[in-house]
*Asks:* 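Next up is a structure, given as structure tokens.
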Amino acid sequence: MSKLFTRSTTAGVLFDAPGPRARARNRIFGVLSLLGIAGLLWYVVDALDANGQFDPELWDAFQYTTIQQRIVDGLVSTLEAFGLAAVFSLVLGALLAAGQLSEHKPVRWVCVSVVQFFRAMPLLILIVALYYAFFAKEPMWALVLGLSLYNGSVQAEIIRSGVNAVPRGQGEAAYALGMRKTQVMTGILVPQAVRSMLPTMIGQLVVTLKDTSLGFIITYHELLFVGKAIATQPLNSAGFPYIPVVLVIGPVYIAMCLLLTALARWIEARGRRGANRRTSAAA
């Protein structure tokens, strides 16, 4: 038994490698899973084909300049709402993070309560409440403020965690040099925290971008709302172009999110290279 445990621990796992029967069983389960997925996909494709969703005439709608312009306008509206929400959420997150790290208990309690409240609030309910209460004529601001409050609270937790992750000795050394807390935070702790947490912050911005699609609930003319409007209109005798709209609108969202994700990875890789260079120089 001790030899078995030693061999397993040395291999980096706590169990033995699967034997011939286990490998055969895993292959069978894998094949059955693939067959099940293929059967499900075939059923979906067959059902859509029976409803005429693969009729080439459904793509004729996208040849019209009006439809193309509506899609472009929807994309611009999506990017506008995302840009405002991204800026506001980052600013709000920085302020709430500073408040949570404050030495003044009333300020800290208020900021913690705000963060916990808006993190727990379902985003869709928040957007709809803002729309009907204040912005029935300006749905964009209901969407932007809802995204800013929710994502700002999440960003505040990210920044706070990053500041707390900075080695305590750096702050203590700064205090020993006579620096005030504001100087320590703005000059020592926050820059390091932002540098280390920047990929996570950009990852949250990807979530913000995807959540702009909730604007269609409050009739904000973003990309999803435009796509839904196109899909629910019988533009020709072929019927409703649901699948063509999905195949046009979906990749646009995917492309935007992939670009932000690639930016986060590039920043993370660049920060890692910079840290390695500083370490090598110090050595």
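Note: hydrogens, waters and symmetry copies are ignored here, and every other heavy atom, side chains too, is used.
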*Asks:* Quick one: list whatever passes ring-ring contact (aromatic ring centres under 6.0 Å, His included) with F135, sequence neighbours left out.
*Replies:* none

*Asks:* Would L209 and I254 show up in the same hydrophobic cluster when neighbours are defined by side-chain heavy atoms closer than 4.5 Å?
*Replies:* no

*Asks:* Using atom types as modelled and distance alone, determine if a side-chain donor or acceptor of Y220 lies under 3.5 Å from a backbone N or O of S77.
*Replies:* yes

*Asks:* Under 4.5 Å between side-chain heavy atoms, counting indirect links through other Ile/Leu/Val/Met/Phe/Trp/Tyr residues: same cluster for L124 and L143 or not?
*Replies:* yes

*Asks:* Looking at every heavy atom in both L130 and A142, which two are closest together, and how far apart are they?
*Replies:* CD1-O, 3.8 Å

*Asks:* Do any N or O atoms from the side chain of Y150 and from the backbone of I127 form a donor-acceptor pair under 3.5 angstrom?
*Replies:* no

*Asks:* Return the minimal non-hydrogen interatomic distance between A85 and S148, and the atom names on each side.
*Replies:* CA-OG, 3.6 Å

*Asks:* Of all the heavy-atom pairs spanning A97 and A156, show the shortest one and how long it is.
*Replies:* CB-O, 3.6 Å

*Asks:* Under 4.5 Å between any side-chain heavy atoms of V248 and W59, yes or no?
*Replies:* yes

*Asks:* As an exercise, state the distance from CD1 of I202 to CD of Q204, rounded to the nearest 0.5 Å.
*Replies:* 12.0 Å

*Asks:* Atom OG1 in T212, atom CD in E80: separation rounded to 0.5 Å?
*Replies:* 12.0 Å

*Asks:* Hey, are the side chains of P244 and I230 touching, using non-hydrogen atoms and a 4.5 Å cut-off?
*Replies:* no

*Asks:* Could you tell me whether the side chain of D73 reaches within less than 4.5 Å of the side chain of H221, counting heavy atoms only?
*Replies:* no

*Asks:* Does L247 share a hydrophobic cluster with V44, counting links as ILVMFWY side-chain heavy atoms below 4.5 Å and allowing steps through other members?
*Replies:* yes

*Asks:* Between Q68 and F62, is there a donor-acceptor pair closer than 3.5 Å when you use the side chain of the first and the backbone of the second?
*Replies:* yes

*Asks:* Working to the nearest 0.5 Å, report the span between CD1 of I217 and CZ of F225.
*Replies:* 10.5 Å

*Asks:* Given 3.5 Å as the limit, does a donor-acceptor pair link the side chain of E222 with the main chain of L224, or not?
*Replies:* yes

*Asks:* Does the side chain of L223 come within less than 4.5 Å of I249's, by heavy atoms?
*Replies:* yes

*Asks:* Tell me whether L96 shares a hydrophobic cluster with V112, the cluster being built from Ile, Leu, Val, Met, Phe, Trp, Tyr side chains joined at under 4.5 Å.
*Replies:* no

*Asks:* Testing the basics here: between L205 and F82, what is the closest heavy-atom pair and its distance to 0.1 Å?
*Replies:* O-CE1, 3.3 Å

*Asks:* Would you check if I159 and M197 make a side-chain contact, meaning some heavy-atom pair closer than 4.5 Å?
*Replies:* no

*Asks:* Please give me the minimum heavy-atom distance between P241 and A231, naming the atom from each residue.
*Replies:* CD-O, 3.8 Å

*Asks:* When C257 is tested against each of V207, V206, V252 for side-chain contact (heavy atoms from CB on, under 4.5 Å), which residue passes?
*Replies:* V206

*Asks:* Would a single hydrophobic cluster contain both I125 and F117, if residues Ile, Leu, Val, Met, Phe, Trp and Tyr are joined by side-chain heavy-atom contacts under 4.5 Å?
*Replies:* yes

*Asks:* Quick check for you: to the nearest 0.5 Å, what is the distance between I28 atom CD1 and L32 atom CG?
*Replies:* 7.5 Å

*Asks:* Is it true that a side-chain atom of N151 and a backbone atom of L147 form a donor plus acceptor pair closer than 3.5 Å?
*Replies:* yes

*Asks:* Quick one: pull up CD1 in I158 and OG1 in T200 and give me the separation to the nearest 0.5 Å.
*Replies:* 6.0 Å

*Asks:* Do Q155 side-chain atoms and L92 backbone N/O form a donor-acceptor pair below 3.5 Å?
*Replies:* no

*Asks:* State, yes or no, whether a side-chain contact exists between M256 and L260 at a heavy-atom distance under 4.5 Å.
*Replies:* no

*Asks:* Do K228 and V245 touch side chain to side chain, with heavy atoms closer than 4.5 Å?
*Replies:* no

*Asks:* Look only at the side chain of S102 and the backbone of A98, and say whether a donor-acceptor pair between them is shorter than 3.5 Å.
*Replies:* no

*Asks:* Which atom names give the shortest non-hydrogen contact between G74 and V226, and what distance separates them?
*Replies:* CA-CG2, 3.9 Å

*Asks:* In Å and rounded to the nearest 0.5 Å, what is the CH2 to CG distance from W141 to L84?
*Replies:* 5.0 Å

